[in-house]
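Throughout, numbering of the chain's residues begins at 1 and tracks the sequence. What you see below is based on every heavy atom in this structure, not just the backbone, and it leaves out hydrogens, waters and symmetry mates. Here the structure is a predicted model, which is why all the values come from computation and not from measurement.
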Amino acid sequence: MGAFGSIPVDLTGKLDNPGDSLPLSGHVDVSSYEVGEKAYRLPQGVSYDVVFTNAGDGILLTGLVRATAEGECDRCLDPATFDIAGEIEEYYLFAEPDDPEAYEDGFELVGEDLVIDLAGPISDAVVMDTPFVVLCDPDCKGLCPECGANLNHETCDCARKAAEEAAQSDENPFAALKNLKFGE
């Protein structure tokens with residue numbers, strides 16, 4: 001079981017005919033999740049609004065998940081907050097298809113008990129809507145690569161010193177120009 005546990009939805013007697021639909025809203029009290037090696041907190045958990053629809057040969061699940069996540073800024077390591085508004089779209093077949101290889105990404109089956117676990121689709125939607133780069137602010141200045149100062153809160157002279165040293169260095173391709181006299 002992942003961070004989202006198990007969220008079983010029993011569809012017995014609720015979607016008997018093609019075209020029948022069942023809207024469902026809820027909240028998952030999950031406190032955190034991971035994407036790769038990064039961990040994020042979900043202080044208010046995750047809310048979801050989904051609709052199950054009998055599509056004849058299976059159940060179509062569509063909907064949205066919403067959450068506010070907290071993590072660490074990828075530039076300066078300060079706390080960073082971002083909103084999640086992920087989409088859910090899954091299709092569960094009632095029976096195994098005649099040509100399973102036609103489903104390139106595989107397929108899911110509705111079990112005989114007509115129970116669908118929402119945990120996987122909700123988790124997938126949250127992960128897919130998590131930004132690849134999380135920033136505390138779009139204009140985050142990050143950390144100085146020399147001294148490690150957080151440039152959002154303080155300044156340092158490392159960049160200026162490095163530029164002066166590069167200009168004075170004999171390895172600089174323009175070093176030969178520093179002794180050039182103009183107007184003589």
Side-chain angles (χ1 to χ4, degrees), residues 1-94 97 103-143 150-153:
M1 257 194 261
F4 289 81
S6 178
I7 309 166
V9 177
D10 188 352
L11 301 175
T12 304
K14 296 178 181 155
L15 298 173
D16 293 337
N17 301 306
D20 287 353
S21 64
L22 173 68
L24 184 66
S25 297
H27 185 83
V28 183
D29 287 324
V30 60
S31 61
S32 64
Y33 70 103
E34 294 181 4
V35 178
E37 295 182 14
K38 296 180 184 178
Y40 301 101
R41 291 171 303 286
L42 296 164
Q44 291 93 33
V46 177
S47 296
Y48 61 88
D49 290 297
V50 296
V51 176
F52 295 89
T53 304
N54 182 331
D57 61 349
I59 301 290
L60 175 63
L61 170 63
T62 57
L64 290 173
V65 296
R66 296 192 186 285
T68 298
E70 297 174 348
E72 192 173 78
C73 178
D74 287 328
R75 286 188 190 156
C76 72
L77 307 179
D78 275 354
T81 302
F82 57 94
D83 291 326
I84 292 174
E87 293 184 20
I88 293 176
E89 187 170 332
E90 299 285 337
Y91 197 73
Y92 301 88
L93 295 172
F94 288 126
Y103 294 83
E104 293 176 12
D105 297 329
F107 56 89
E108 299 263 346
L109 292 175
V110 176
E112 290 182 22
D113 58 0
L114 295 177
V115 173
I116 291 179
D117 189 353
L118 282 179
I122 290 173
S123 174
D124 291 347
V126 168
V127 168
M128 292 301 292
D129 205 58
T130 298
F132 183 72
V133 175
V134 174
L135 299 176
C136 60
D137 183 278
D139 297 325
C140 177
K141 296 175 184 173
L143 301 176
N150 184 330
L151 301 175
N152 296 308
H153 305 299

Donor-acceptor contact below 3.5 Å, side chain Asp10 vs main chain Val115: no

Stepwise side chain to side chain contact (heavy atoms under 4.5 Å, CB included) test for Asp20 and Lys14: CA-CA 8 Å; Asp20 287 353; Lys14 296 178 181 155; over 6 Å; no

Listing, residues 120-130 side-chain donor-acceptor contacts under 3.5 Å, not counting sequence neighbours, or none:
from, atom 1, to, atom 2, distance (Å)
Asp129, OD2, Ala85, N, 2.8
Thr130, OG1, Tyr33, OH, 2.7
Thr130, OG1, Val126, O, 2.8

If you measure from [atom1] on [X] to [atom2] on [Y], what distance do you get to the nearest 0.5 Å?
X      : Y      : atom1 : atom2 : answer
Phe4   : Asp117 : CZ    : CG    : 12.0 Å
Ile7   : Ile116 : CD1   : CD1   : 13.0 Å
Tyr48  : Leu118 : OH    : CG    : 5.5 Å
Leu15  : Ile59  : CG    : CD1   : 4.5 Å
Ser21  : Asn54  : OG    : CG    : 10.0 Å
Leu143 : Cys76  : CG    : SG    : 6.5 Å

State, yes or no, whether a side-chain contact exists between [X] and [Y] at a heavy-atom distance under 4.5 Å.
X      : Y      : result
Leu135 : Cys73  : yes
Tyr91  : Leu93  : yes
Asn152 : Cys140 : yes

Expected list for residues 60-69: side-chain donor-acceptor pairs under 3.5 angstrom, two or more places apart:
from, atom 1, to, atom 2, distance (Å)
Thr68, OG1, Asp83, OD1, 3.1

Nearest heavy-atom neighbours spanning Cys136 and Pro79: CB-O, 3.5 Å

Exercise: identify the closest heavy-atom pair between Ser47 and His27: OG-ND1, 3.2 Å

Donor on one side chain, acceptor on other, Asp78 and Asn150, under 3.5 Å: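 Looking only at side-chain atoms, Asn150 and Asp78 do form a donor-acceptor pair, the distance falling under 3.5 Å.
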
Any residue meeting side-chain hydrogen bond (donor to acceptor under 3.5 Å, both in side chains) with Lys38, in chain and number order, not counting sequence neighbours: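 Lys38 satisfies side-chain hydrogen bond (donor to acceptor under 3.5 Å, both in side chains) with Asp74 only.
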
